[in-house]
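For reference, the structure discussed in these notes is given below.
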Amino acid sequence: MPESNFNTALYTALMLIPAGSVVTYGQLAHLAGRPGAARWAGAVLRTLPEHSSLPWHRVVAAGGRIALPNEAGAEQRRRLEAEGVVFRGNKVSLNHLFESP
DNA sequence: AAGATGACAATAC
DNA sequence: CGTATTGCCATCT
């Protein structure tokens, strides 16, 4: 298995995100133990299997923006709304951010 | 080994 | 609110 221990940390952090809340890539990377590695977090999610039990859809870009392309982004948005997350335009209502104000 | 890549972030204008 | 620029980190070619 070519996966490093780093990925496991990110997976674990992602599992800790409660339904109805969202996290930014930066926050996720920070929780995984690599603050500033927001880019790396996105790379990991990108390689994530579609049948993964991980709530990848709870991960958004800074400010609650959807970073995924058209179809994937629409899918993510739909999943989030199904969990009770409210969208404002193309962004998530900042009220749902994990560890938010 | 060096450079290019990317589901990012923050700042500047 | 939009685009442009810079910084950051790990992986791939």
Side-chain angles (χ1 to χ4, degrees):
Chain A
M1 33 227 348
E3 309 274 293
S4 300
N5 211 9
F6 291 140
N7 284 21
T8 306
L10 191 137
Y11 294 148
T12 305
L14 186 55
M15 277 188 255
L16 298 176
I17 308 304
S21 299
V22 292
V23 252
T24 67
Y25 294 94
Q27 299 257 322
L28 189 61
H30 183 75
L31 290 170
R34 265 160 208 89
R39 246 183 144 123
W40 162 76
V44 175
L45 296 177
R46 205 236 305 163
T47 59
L48 211 58
E50 297 180 9
H51 292 284
S52 178
S53 348
L54 298 167
W56 59 269
H57 53 259
R58 282 181 207 154
V59 187
V60 292
R65 191 167 50 106
I66 297 294
L68 275 87
N70 315 304
E71 281 306 310
E75 172 102 15
Q76 180 180 20
R77 172 178 176 163
R78 175 191 266 174
R79 279 169 177 263
L80 287 174
E81 287 204 302
E83 290 189 351
V85 176
V86 180
F87 270 73
R88 217 220 323 165
N90 258 22
K91 303 185 190 74
V92 187
S93 260
L94 306 171
N95 280 18
H96 300 280
L97 282 173
F98 185 63
E99 282 185 334
S100 97

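- The OH-C1' distance, from A:Tyr11 to B:dA7, rounds to 14 Å in whole Å.
- Within 4.0 Å (heavy atoms only), A:Ala43 reaches no atom of the nucleic acid at all.
- Remark: the A:Arg39 side chain and the B:dG6 base include a donor-acceptor N/O pair separated by less than 3.5 Å.
- For the pair A:Leu28 CG and C:dC9 P, the interatomic distance rounds to 17 Å; values are reported in whole Å.
- Inter-residue side-chain proximity for A:Ile66 and A:Gln76 is flagged as met; some heavy-atom pair is nearer than 4.5 Å.
- Atom CZ of A:Arg46 is separated from atom C1' of B:dT5 by 9 Å (rounded to the nearest Å).
- Atoms CD1 (A:Ile17) and P (B:dA7) sit 21 Å apart, rounded to a whole Å.
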Applying side chain to side chain contact (heavy atoms under 4.5 Å, CB included) to A:Val59 and A:Thr24, what does each step give before you reach the verdict? CA-CA 6 Å; A:Val59 187; A:Thr24 67; over 6 Å; no

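- Here the P atom of nucleotide B:dA7 and the CZ atom of A:Arg77 are 21 Å apart, to the nearest Å.
- Checking side-chain atoms of A:Thr12 against main-chain N and O of A:Thr8 turns up a donor-acceptor pair under 3.5 Å.
- The CZ-C1' distance, from A:Arg65 to B:dA10, rounds to 12 Å in whole Å.
- With A:Val60 as reference, A:Leu80 is the one residue of A:Leu80, A:Val85, A:Val23 to meet the side chain to side chain contact (heavy atoms under 4.5 Å, CB included) rule.
- Atom pair A:His57:NE2 and B:dA7:P shows a separation of 19 Å (rounding to whole Å applied).
- Distance, A:Leu45 CG to B:dG6 P: 16 Å, rounded to whole Å.
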